[in-house]
Amino acid sequence: MITTRAMTPAGTGKPGPVEHSSLRDQLLVLIMAVLAVTAGISVSFGPTYPLACVGLVCIFRWPNLGVAIALAIESCKLLLVMAGLSSTNLSLLVTLALVGGALARTLRRPPTARNLLLSVGLLSAAVGPGLLIGMSQFAPMHLVSAVNLLLAPLTAALASRQGSVKESRFLLKFAVLLTSANAVACVWQLRTGVDGLVAAGLSYGSTVRQIDGVLRTPGLTLSSATAGLFAGAVLLCLLAGFRVPYIRLGNLWTTTGVAAGSVVLISSTSRSGVILVVIMALGVTTLFAGHRRMQLADKQKQGIFKRALIIVGMFALPFALAQYGASSTDSLFERFLVWQRLLDGNLTAFGMGAGSVGASSYSAYNPRGGVFVDNSWLSFLMQYGLVGLLLALATLTAVLRRLHRRSVLDGVKTGQAIACSATLLALSVTALFVEIFDYVVVMTLLGSLMSQILAETNHEGPAVSSGQAELRNLRI
């Protein structure tokens, strides 16, 4: 039943426009009802199916829950795989959770037609030809793996779009808890040693790895690189809160996140994770430093103290990592040789096909074996071609220019512009040394973070009403 309510603007005495209950809300209720019925029917097929359906009902009720489920699965996948669950099914469950959250949020607050058409058009032009080429060359499930990587940051951003301040902080707190669990696991793995981990059932050479005789702890993930990059992404989110008050956590949560993230970074010897954090720290302290409002903030003692802590951490973390055995440069020079061989004769306008190279190629669905590139930009170039890479770089440049222009025109939005620009810069630089686009847990968290920050920059949403008073009085 459609209800109506007459609105009378204050001070006019005239009835305003009539509000109708949204058909989107009714559609959302219908979808939840169908999922609930499906959950009941699926009991006969096994206990996993009703749990998945109930989870989807909850995701449609709380869209950000889909992002939380994806982070939990990806950051604790080692435990789930050791419990007997299929890694492939877990990856598909992550995609399902993110798509469900994105759909639920989009039904509630659909984007404008202009933004939707522009986004779909750019995405289709950039990756469409590569997906078609990959479809003609690889098995269907291998292509699904490539599509999952593309969907992760986009669906996470949509699921977190226009979320409330409470939802944003809940998600970051949950990520801090996951990082803390990984830190505890890393400490235990260091005490257990390589022999003990292999005896416990972990495979040497993939989950258990060494660099210069030093164990690279995987934490609760499937690899040390995943653990380190996830910890780096969580620290990046905490640094973003330095500029954006409505995603900033309290001192206890921030201290816990910094301590746990540092433990995981050092014990996993993730140099790429450190690069992600260091570039983000440089960004939040130096970007748009000439802006008058930023100059005023720099004069405050609180601003100077916080910047001093960040600068000390920027130098201390790489130094600690080097002392722990991550100072070898052999792997870096080996990458240059690999890139040279890959570029020879493999550059085309529309690429070799999605999933042809990259960390995601190490899957059971690629009969020709995987090709690890250790450079997301080069991997993207080979999969989607020169046209796709140029469109991606042009889009990134346009976003950065718009953020800078908006920060100059509106000082209130300077903090958001700095946080977004620093995040994009850290992601772009780190992508030169590792295939960070292929790490779903990292791209999910960063996609959600960008959406939460841009919620205040691009439109009036719940984040504004809850944090606007604090934001307008903010000096940093």
Full working for side-chain contact (heavy atoms from CB on, under 4.5 Å) between Arg248 and Thr254: CA-CA 8 Å; Arg248 185 181 303 156; Thr254 301; 5.6 Å; no
Step by step, would you call Ser168 with Leu172 a side-chain contact (heavy atoms from CB on, under 4.5 Å)? CA-CA 6 Å; Ser168 299; Leu172 185 50; over 6 Å; no
The test is side-chain contact (heavy atoms from CB on, under 4.5 Å); show your working for Thr207 and Leu78 and say whether it passes. CA-CA 9 Å; Thr207 303; Leu78 178 61; 4.1 Å; yes
Please determine whether side-chain contact (heavy atoms from CB on, under 4.5 Å) holds for the pair Trp253 and Leu177, giving the CA-CA distance in whole Å, both sets of side-chain angles, and the decisive distance to 0.1 Å. CA-CA 9 Å; Trp253 283 99; Leu177 289 177; 3.8 Å; yes
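The shortest distance between side-chain heavy atoms of Leu178 and Cys76 falls below 4.5 Å. Two residues are said to be in side-chain contact when any heavy atoms from C-beta on lie closer than 4.5 Å; Thr256 and Ser180 meet this criterion. By the 4.5 Å heavy-atom criterion applied to side chains, Arg209 and Ser223 are not counted as neighbours. Under the 4.5 Å side-chain criterion, counting only non-hydrogen atoms from C-beta, Leu389 is not in contact with Tyr384. Side-chain contact check for Asn148 versus Leu92: some heavy-atom pair is nearer than 4.5 Å. In this structure, Val147 and Leu151 have side chains that are in contact, with non-hydrogen atoms separated by less than 4.5 Å. In this structure, Asn182 and Val263 have side chains that are not in contact, with every pair of non-hydrogen atoms separated by 4.5 Å or more. Put simply, the side chain of Leu171 reaches to within 4.5 Å of the side chain of Leu71, judged on heavy atoms.
For Thr95 (side chain) and Ser91 (main-chain N/O), a donor-acceptor pair under 3.5 Å exists by modelled atom type. At distances below 3.5 Å, not a single donor-acceptor pair connects side-chain atoms of Glu74 with backbone N or O atoms of Val440. Remark: side-chain polar atoms of Gln452 are not paired, donor with acceptor, to backbone N or O of Leu449 under 3.5 angstrom. Using modelled atom types, no side-chain atom of Thr444 and backbone atom of Pro153 make a donor-acceptor pair closer than 3.5 Å. Checked by atom type and distance alone, the side chain of Thr179 pairs as donor or acceptor with a backbone atom of Ala175 at under 3.5 Å. A donor-acceptor distance shorter than 3.5 angstrom exists from the side chain of Tyr246 to the backbone of Ile453, with no hydrogens or angles considered. With hydrogens and angles ignored, the 3.5 Å screen pairs a side-chain donor or acceptor of Ser136 with a backbone N or O of Ile133. With Arg105 contributing its side chain and Arg161 its backbone, the two residues share a donor-acceptor pair below 3.5 Å. With hydrogens and angles ignored, the 3.5 Å screen pairs a side-chain donor or acceptor of Glu435 with a backbone N or O of Val373. Gln189 places a side-chain N or O within donor-acceptor distance of the main-chain N or O of Gly219, the cut-off being under 3.5 Å.
Under the 3.5 Å distance criterion, with hydrogens and angles disregarded, no donor-acceptor pair is assigned to the side chains of Ser160 and Ser451. Arg216 and Thr269 share a side-chain donor-acceptor pair at under 3.5 Å. A donor-acceptor contact under 3.5 angstrom links the side chains of Ser267 and Thr217, judged on distance only.
Minimum interatomic distance between Gly257 and Leu235 (heavy atoms only, all atoms of both residues): O-CD2, 3.7 Å. Taking every heavy atom of both residues into account, Pro63 and Ala159 meet most closely at CB-O, 3.8 Å. In plain terms, the two heavy atoms of Ile418 and Gly283 that are nearest each other are CG2-O, 3.9 Å. The two atoms that bring Met82 and Ala200 nearest to each other are CE-O, 3.9 Å, heavy atoms only. Summarising the geometry of Leu432 relative to Asn375, their closest heavy-atom pair is O-ND2, 3.4 Å, with the distance given to 0.1 Å. For the pair Leu222 and Ser87, the tightest heavy-atom approach, listed with the atom from each and the gap, is CD1-OG, 4.4 Å.
Looking at Val434, Ile275, Val264 one by one, the single match for side chain to side chain contact (heavy atoms under 4.5 Å, CB included) with Leu229 turns out to be Val434.
Here CG of Leu220 is found 7.5 Å from OG of Ser75. Values are rounded to the nearest 0.5 Å. To the nearest 0.5 Å, atoms CZ (Phe380) and CG (Leu393) are separated by 9.0 Å. To the nearest 0.5 angstrom, Ile279 atom CD1 is 10.5 Å from Ser428 atom OG. Taking CD1 from Ile436 and OG from Ser379, the interatomic distance works out to 13.0 Å, rounded to the nearest 0.5 Å. Between the CG atom in Leu391 and the OG atom in Ser124 there is a gap of 11.0 Å [rounded to 0.5 Å]. For the atom pair Leu131 CG and Leu150 CG, the distance stands at 6.0 Å (nearest 0.5 Å).
Ring orientation note: the planes of Phe170 and Phe174 are close to parallel, at an angle under 30° on the 30°/60° scale.
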